[in-house]
Amino acid sequence: MQQTFVQPEFRVKIDYDKCHKCGRCVQQCGWGVYDFTERPIPHDEKCRACHRCVTYCPAHCITIEKNTLAFRDNDNWSADARKAVWTQADSGGVLLTSMGNPKPYERIFDKLVLDACQVTNPSIDPLREPMELRTYLGRKADSVAVEPDGTGGFRLAGDSGVARNIELAVPIVFAPMSYGSVSLNVHRSIAMAAERLGVTMNTGEGGMHEDLYPYQDHIILQVASGRFGLSPEVLKRAAALEIKIGQGAKPGIGGHLPGEKIDRDVSATRMVPQGSDAISPAPHHDIYSIEDLRQLIYALKEASGYRPVGVKIAAVHNVAAIASGIVRAGADYIYLDGFRGGTGATPQVVRDHIGIPVEIAIAVVDQRLRDEGIRNHASIIAAGSIRSSADAAKAIALGADAVAIGTATLLALGCHLCQSCHTGNCSWGITTQRPELTRRIDPEWGAERLTNLVNAWSHELQEILGALGVNAVESLRGSRERLRAIGLDEQTCRILGVKPAGL
Amino acid sequence: MAYDLSRYDGFSPDNYREESPFKIHGGCGLMGICDESGALMSGEEPIRAMAVQRDRGNGLGGGFAGYGIYPEFPDHYCFHMMYHDLRARDEAEEILRTRFTVDHAEPMPTRPVRGIHDAPILWRYFMTPRAEVLEELDHSAEDFVVSTVMEINARVDGAFVASSGKNMGAFKGVGYPEEIGHYFRLEDYAGHTWVGHNRFPTNTPGWWGGAHPFTLLDWSIVHNGEISSYGINARYLEQFGYACSLGTDTEVAAYLFDLLLRRHRLPVELACTVLAPPLWSEIERMPAERAELMRSLRAVYGPAMLNGPFAIVLGFNGGMVALNDRIKLRPLVAARSGSRLMVASEESAIRTVMPDPDTLWTPRAGEPVIARVKGMELPFHSTLHATPAEVSCAVTAADACHELEEVAV
Ligand code: SF4
Ligand code: SF4
Ligand code: SF4
């Protein structure tokens, strides 16, 4: 075979003086980097820098370094660009990758700052005062109609209430990740955490495994173009349904779960034959326009006993108009996935070059829906990527009702963002179906870590609200007056509806 | 052209607009008193109640509204007008006379008071809408009044309608409230309901029309506070067409009441619940039916919640409603003495007017204090169909009117 021109990206270095020769690294690495002959011998070219071996080596004698080969400087032809050409000349194929867009585009969240109260209005101490984060997702009436209750008070009249909304204890939900792309133990961890936190998880497009049924009141079931794992019975189990049109990491692109990942359980949950590829077409083959979407929304409502139905789209150029159409088509919430959103597998060219930042998408969608007087008809969930409680607070201030966390969820479970989920060999047992790897996640442990993470962020959100002098998240939601921009150009500020700092 | 704000001393419209449409900071003092039997009280009482709260203002705005003060004209609309010059008066009067039968018009009775200067020309008119004009326009009388207020505020350069209700009037200007009260000779009036206000703005518009109370038809509103949720409250109102052009919390509160009471027809207790809702933990302890109502009000009207410190008194012909924020970050004291119910920022104000009240209490956070004059209906203005933009324009005379004008042209 011809020698590839692409050199290993990383160097696996072992300090053999310290090494116990225990072989644990061999067993831990999902990508088979190590051979063992008296001592571990790494094959650098296979290493993904996932740090599983580093974390579990009892002697702490492994380091992973960048393979810093010198190239002749060329600002135009980066080392990555050259490597991509060599790789494609080798294979003739599309470059596959995973997780979210890592390119150095502007990160708008990092250029927004929040306000705080000084003198003219008081800040509020979240340790002493209630600080409310409860959120209702779904269509809200334009106004609340009431009637006398016969005892001098009033009660709801008609159906202007929020009985059909999804109640969230905090405005942070778990983003859709399908069983098949992630392991069942990951799904179990998230489902348990969602229940404990009083929020929701989302099945992604792979259906709901029966082990998740006990948590169904906290589960949003996704309906994607492959229609995997859907039956009248499952539709009625979920708390809400979500039509997936697109996702931030691969707008306009379908999915492909290779047959090797479709074991007996995945096959039963997805309702596809074992071992055969599960292909999600790029569009829904029954949605070629907004009227078609409306039909599907109402078909799902009808079939599910009028559960809320949301629609997930990737943030693309014309997102405001698209969102308006979706809301008018009857969606109860709209899920906006920014171009930093993660995925289990995507063509690199799509991940890195298609879509727009979620910050912009939230701002223009929220404003458009207000301009049209339909903001209350649907909630906005923002995702891709929410990295911290600060990002969550800024997304909410821009106009999101809640944020969804996917990459952060996996990070909490051990993911090191090695961007190799598509290989199915995740050493952390997350994006793999290999039983010896999926075992690595104990759902109880996973649920606790996820609960911790969301609780920590919730406390931080409470601190932020307190500094802002408000005691309920609805007073931050859409309150762009509490944001200022540092170093964003005037046009972007205008689009965001945020003033530059100093004004 | 709208009212030219720049003609008043110490006032630069540019300074003023620099802060709007965002935020004007300020603290204040307020009072409200209502005799539920309908018995009349001299205007001296609200003056005394505000005088002891002098330190809550800084002399840049004071004002009152009195109800039941014009028994000789109980069914006439009374316009209190501010004019910059005689030309403005002539132009405004022209509009009034073509639309209304003016049964009585006179300068506002005033007296010179030290500390009050640069007063505009102040007139009042007692009028009834001309039947033929009403018929032609196919308007309710209330719509007709609001559109007239708007017309004058928007189109007559140098004229501003300070109040426009029946058997009521607003008396306001730049100065301490007791000075303003004496300037307007309030002791010569008697009303069953009074509200008063003292301003401490941290910028200095110094514009008579910008003093509080804000009024429209029978409603008047005074407010002490700093609404930390202003940004989303304003964006929520904009969705319905209100234009928050002054950048003040009072304006936002006024529009929210208009939206909730008039347009969404919520009972006044529930409108107060929307503005200062109970905590979720309290809602969960309520009986199921009430909890469901509260959940829905909070979820639907979340963007209308006034978050941050405030106390508000909403006056109307036949009573008043006083409301504190949901965790009581601003003072509000209430007392009852016989048929009189009184609220104020400070107990001292109450003790000045009612030295020995039957009961005196501190209303709980978010719990409205409602006074109703016996036999008088709550005015819901069910015959008023003015759009939110028109209401904004009528209340503020500011940018909203320019915009309306542009649309009209
Ligand atoms: S895990 Fe560490 S100590 Fe054990 S064999 Fe590997 S390098 Fe050596
Ligand atoms: S891929 Fe991960 S586990 Fe394997 S050698 Fe590299 S860092 Fe270690
Ligand atoms: S989930 Fe696993 S394979 Fe994917 S990026 Fe994280 S560590 Fe790597």
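Each chain gets a letter, A, B and so on, in the order the sequences are listed, and its residues count up from 1.
Heavy-atom minimum distance, Y136(A) versus R295(B): OH-CD, 2.7 Å. Of all heavy-atom pairs between E269(B) and F154(A), the closest is OE1-CE1, 4.2 Å. Across Q239(B) and N376(A), no two heavy atoms sit closer than the pair NE2-OD1, 3.5 Å. Here the closest heavy-atom approach between residue A472(A) and residue N307(B) is recorded as N-ND2, 3.5 Å. Between L156(A) and S296(B), the shortest heavy-atom contact is CD1-OG, 3.5 Å.
Between the CZ atom of R263(B) and the CG atom of D142(A) there is a distance of 11.5 Å, given to the nearest 0.5 Å. We find the OG-CZ distance between S281(B) and R134(A) to be 9.0 Å, quoted to the nearest 0.5 Å. With rounding to the nearest 0.5 angstrom, the CZ atom of R482(A) is 8.5 Å from the OG atom of S229(B). If you take OG on S479(A) and CG on N233(B), they are separated by 7.5 Å, rounding to the nearest 0.5 Å. Atom CH2 of W280(B) is separated from atom CG of L133(A) by 12.0 Å, given to the nearest 0.5 angstrom.
Proximity to chain A (any heavy atom under 4.5 Å) is restricted, for R326(B), to the side chain, taken from C-beta onward. For E372(A), no part sits under 4.5 Å from any heavy atom of chain B, backbone or side chain. Using a 4.5 Å cut-off between heavy atoms, E292(B) contacts chain A through both its backbone and its side chain. Residue contact with chain B, scored on non-hydrogen atoms closer than 4.5 Å, involves the backbone and the side chain of V144(A) alike. For chain A, the nearby part of L329(B) is the side chain; its heavy atoms alone come within less than 4.5 Å. Using a 4.5 Å cut-off between heavy atoms, A163(A) touches chain B through backbone and side chain atoms alike. With a 4.5 Å cut-off on non-hydrogen atoms, L270(B) touches chain A through its side chain but not through its backbone.
You'll find the side chain of Y301(B) reaches within 4.5 Å of the side chain of S143(A), heavy atoms only.
Using a 4.0 Å cut-off between a side-chain N of Lys or Arg and a carboxylate O of Asp or Glu, E481(A) and R235(B) do not qualify as a salt bridge.
Test I124(A), V470(A), D115(A) against S228(B) for side-chain contact (heavy atoms from CB on, under 4.5 Å) and you get one pass: V470(A).
The candidate from G231(B), P303(B), A299(B) with the greatest count of non-hydrogen atom pairs under 4.5 Å with chain A is A299(B). Interface remark: of the candidates R290(B), M305(B), R298(B), M294(B), R298(B) forms the most heavy-atom pairs closer than 4.5 Å to chain A. Options E132(A), E129(A), E474(A) differ in how many heavy-atom pairs under 4.5 Å they form with chain B, and the most are formed by E132(A).
No more than 12 heavy atoms of other residues, nucleotides or ligands sit less than 6.0 Å from atom CD of E490(A).
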